[in-house]
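The first residue of the sequence shown is numbered 1, and numbering continues consecutively from there.
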Amino acid sequence: MKRDEYEMTYDLDKFKGVFVAMYSAYDDSGEVDQDKVKNLARYYVESGIKGLYVGGSSGEGILQTVEERKKVLEAVMEEVGQELTIIVHVGANSTRESVELAIHAEKCGADAISAVPAIYYRLSEKAVENHWQQMINSSSLPFIIYNIPQTTGFNLTQTLFKKMAAQEKVIGIKMSGESVFELQQFKANAGKQFLVYNGPDEQYLGGRIMGADGGIGGTYGVMPELFCQLEAFYQQGAIKEAQQLQDKINAIITKLLSFPSLYGACKAILSMRGIETGAPRLPLLPVGEEHIVDLRNLNEEIESSIKSYA
């Protein structure tokens, strides 16, 4: 049964648009710093985004303990939980930890939960289905599938997807694979009311044209205004302007990817704006002093682009 064929329980409008995949925030000792988490969350409120995706790849959730992930979410909810839509990534290697995080997300008042398949082990479809199902059953929150085969080693088939999407509590998918055709197929197979998020930041416009309802991305965190303007151009039907802006965004992303660590580069740029989040957690590398000049120039380029477009 497609989503369009029955009445929806959840308000899906609040889940559509631009969602920043929020970074981690640590103190000088590498411990989660809730004050810094709050400062970062507050920074995004005025940018025009719809919400935050907490604890995902950009948030280093896989590198944190369950208790650390809880501390991050509690700080986010306390600071901006009433102002932004909060989607919490609760995926962990063990189903037990994932369920614990899902229950905690509901207690905190989050709007939805999301999860990748467990990583490291090469799991069967049945194992992944059971992993996700236990999270879904553990809370009343809506669930958003996170498909990112390039890091998990698991590529969600349309067969399993349609089975999961038939459940009313499964409201969407974060599609971080690189095929906009596959993105379009997820949308077609689940129905217009099913949410599809574009994952690859470099193809936000392509994802929207092919049926995505918005996007969730990590590089949004240093230029949320540009992605909000890109979304505005799309909604206005200004496709030429949107393509030009996507080209500009992609040039910035290319430069970000030239550093030893994407997240280290993004965190360093935020630091230049007075938003301290600490270094990424190893094995993710920080940036060195030899990169500061280039990062400062890139930050100036981003801020200039924001002034020009947004």
Side-chain angles (χ1 to χ4, degrees), residues 12-23 44 47-54 56-59 84-85 87 89 112 114 116 144-151 172-188 192 194-258 262-263 265-266 269-270 298 301-310:
L12 297 185
D13 286 341
K14 70 179 182 179
F15 293 104
K16 297 177 180 179
V18 176
F19 283 75
V20 168
M22 187 172 169
Y23 307 131
Y44 292 126
S47 67
I49 63 169
K50 180 61 72 72
L52 297 171
Y53 189 87
V54 180
S57 305
S58 301
L84 298 174
T85 299
I87 303 171
H89 177 255
S114 178
V116 295
I144 297 168
I145 297 167
Y146 187 175
N147 185 45
I148 182 167
Q150 60 267 44
T151 61
I173 181 171
K174 181 179 186 288
M175 172 52 184
S176 290
E178 297 176 353
S179 168
V180 291
F181 167 69
E182 192 173 10
L183 181 153
Q184 180 270 331
Q185 289 293 289
F186 285 132
K187 189 73 171 180
K192 293 181 180 179
F194 191 85
L195 299 168
V196 175
Y197 292 98
N198 180 78
D201 302 4
E202 303 89 338
Q203 63 180 44
Y204 184 94
L205 178 59
R208 285 293 273 132
I209 289 173
M210 293 297 283
D213 299 282
I216 300 171
T219 64
Y220 300 12
V222 293
M223 46 182 168
E225 298 89 349
L226 294 184
F227 280 93
C228 288
Q229 184 58 54
L230 182 56
E231 171 66 17
F233 279 148
Y234 173 77
Q235 291 193 24
Q236 295 162 9
I239 301 303
K240 181 179 179 180
E241 291 81 358
Q243 184 177 6
Q244 291 172 344
L245 179 51
Q246 182 76 77
D247 288 348
K248 180 59 183 176
I249 287 170
N250 288 358
I252 293 169
I253 292 174
T254 298
K255 292 178 182 178
L256 285 170
L257 292 172
S258 71
L262 170 63
Y263 302 127
C266 291
I269 285 173
L270 287 176
L298 181 54
E301 180 180 345
I302 293 171
E303 292 189 323
S304 176
S305 297
I306 291 171
K307 290 178 181 178
S308 297
Y309 282 97

**Prompt:** Does the Lys187 side chain pair with the main chain of Lys192, one donor and one acceptor, at a distance under 3.5 Å?
**Reply:** yes
**Fill in**
Scanning both residues in full, the closest heavy-atom pair of Ile252 with Ser305 reads CD1-OG, 4.3 Å
**Message:** Nearest 0.5 Å, please: how far is OH in Tyr309 from CD in Glu241?
**Reply:** 9.5 Å
**Complete:** Tightest non-hydrogen contact, residues Leu183 and Ala212, listed as CD2-N, 3.8 Å
**Complete:** Shortest non-hydrogen pair, Gly177 vs Pro200, comes out as O-CG, 3.3 Å
**Prompt:** Run the side-chain hydrogen bond (donor to acceptor under 3.5 Å, both in side chains) check on Glu231 and Gln235 step by step: do they pass?
**Reply:** CA-CA 6 Å; Glu231 171 66 17; Gln235 291 193 24; 2.6 Å; yes
**Request:** Would you check if the side chain of Ser304 reaches a backbone N or O of Glu301 as a donor-acceptor pair within less than 3.5 Å?
**Result:** no
**Request:** Measure the CD1-NE2 distance between Ile87 and His89 for me, rounded to the nearest 0.5 Å.
**Result:** 12.0 Å
**Complete:** In this structure, CG of Asn250 is separated from CG of Leu256 (nearest 0.5 Å) by 11.0 Å
**Asked** Around atom CD of Gln243, are there more than 12 heavy atoms of other residues, nucleotides or ligands at under 6.0 Å?
**Response** no
**Prompt:** Under the side chain to side chain contact (heavy atoms under 4.5 Å, CB included) criterion, do Ile249 and Leu245 qualify, and how do the steps go?
**Reply:** CA-CA 6 Å; Ile249 287 170; Leu245 179 51; 4.1 Å; yes
**Message:** Treating Asp213 as the side-chain partner and Lys16 as the backbone partner, does any N or O pair qualify as donor plus acceptor under 3.5 Å?
**Reply:** no
**Fill in**
One should read off an interatomic distance between Leu52 CG and Phe19 CZ, to the nearest 0.5 angstrom, of 8.5 Å
**Atom pair CZ/CD1 of Phe186 and Ile145 - distance to nearest 0.5 Å** = 8.0 Å
**Request:** Identify the two heavy atoms, one from Ile49 and one from Ser47, that lie closest to each other, and give their separation to 0.1 Å.
**Result:** CG2-OG, 3.3 Å
**Request:** Without swapping roles, check the side chain of Asp201 against the backbone of Thr219 for a donor-acceptor pair under 3.5 Å.
**Result:** yes
**Asked** What's the spacing between Glu225 CD and Ile302 CD1 if we round to 0.5 Å?
**Response** 10.0 Å
**Message:** With side chain to side chain contact (heavy atoms under 4.5 Å, CB included) as the criterion, how do Met223 and Ile269 come out once you've worked through the C-alpha distance, each side chain's angles and the decisive distance to 0.1 Å?
**Reply:** CA-CA 10 Å; Met223 46 182 168; Ile269 285 173; over 6 Å; no
**Message:** Whether the side chain of Thr85 engages the backbone of Lys14 through a donor-acceptor N/O pair (distance < 3.5 Å, no angle test) should be reported.
**Reply:** yes
**Request:** Determine whether more than 12 heavy atoms belonging to other residues, nucleotides or ligands lie under 6.0 Å from atom CD of Glu178.
**Result:** no
**Message:** Met210 and side-chain contact (heavy atoms from CB on, under 4.5 Å): which single residue from Val196, Leu205, Val180 fits?
**Reply:** Val180
**Prompt:** Which pair of non-hydrogen atoms, one from Lys50 and one from Asp13, has the smallest distance, and what is that distance?
**Reply:** NZ-O, 3.0 Å
**Message:** With a 4.5 Å cut-off on side-chain heavy atoms, are Leu257 and Glu202 touching?
**Reply:** yes
**Request:** Report yes or no: does Tyr197 contribute a side-chain atom to a donor-acceptor pair with the main-chain N or O of Phe15 at less than 3.5 Å?
**Result:** yes
**Fill in**
In terms of heavy-atom contacts, Ser57 and Tyr146 come closest through OG-OH, 3.3 Å
**Item:** Backbone N/O of Tyr204 and side chain of Gln246: donor-acceptor pair under 3.5 Å
**Value:** yes
**Request:** Check Tyr23, Phe227, Tyr53 against Tyr220 for a ring-ring contact (aromatic ring centres under 6.0 Å, His included) and give me the one that passes.
**Result:** Phe227
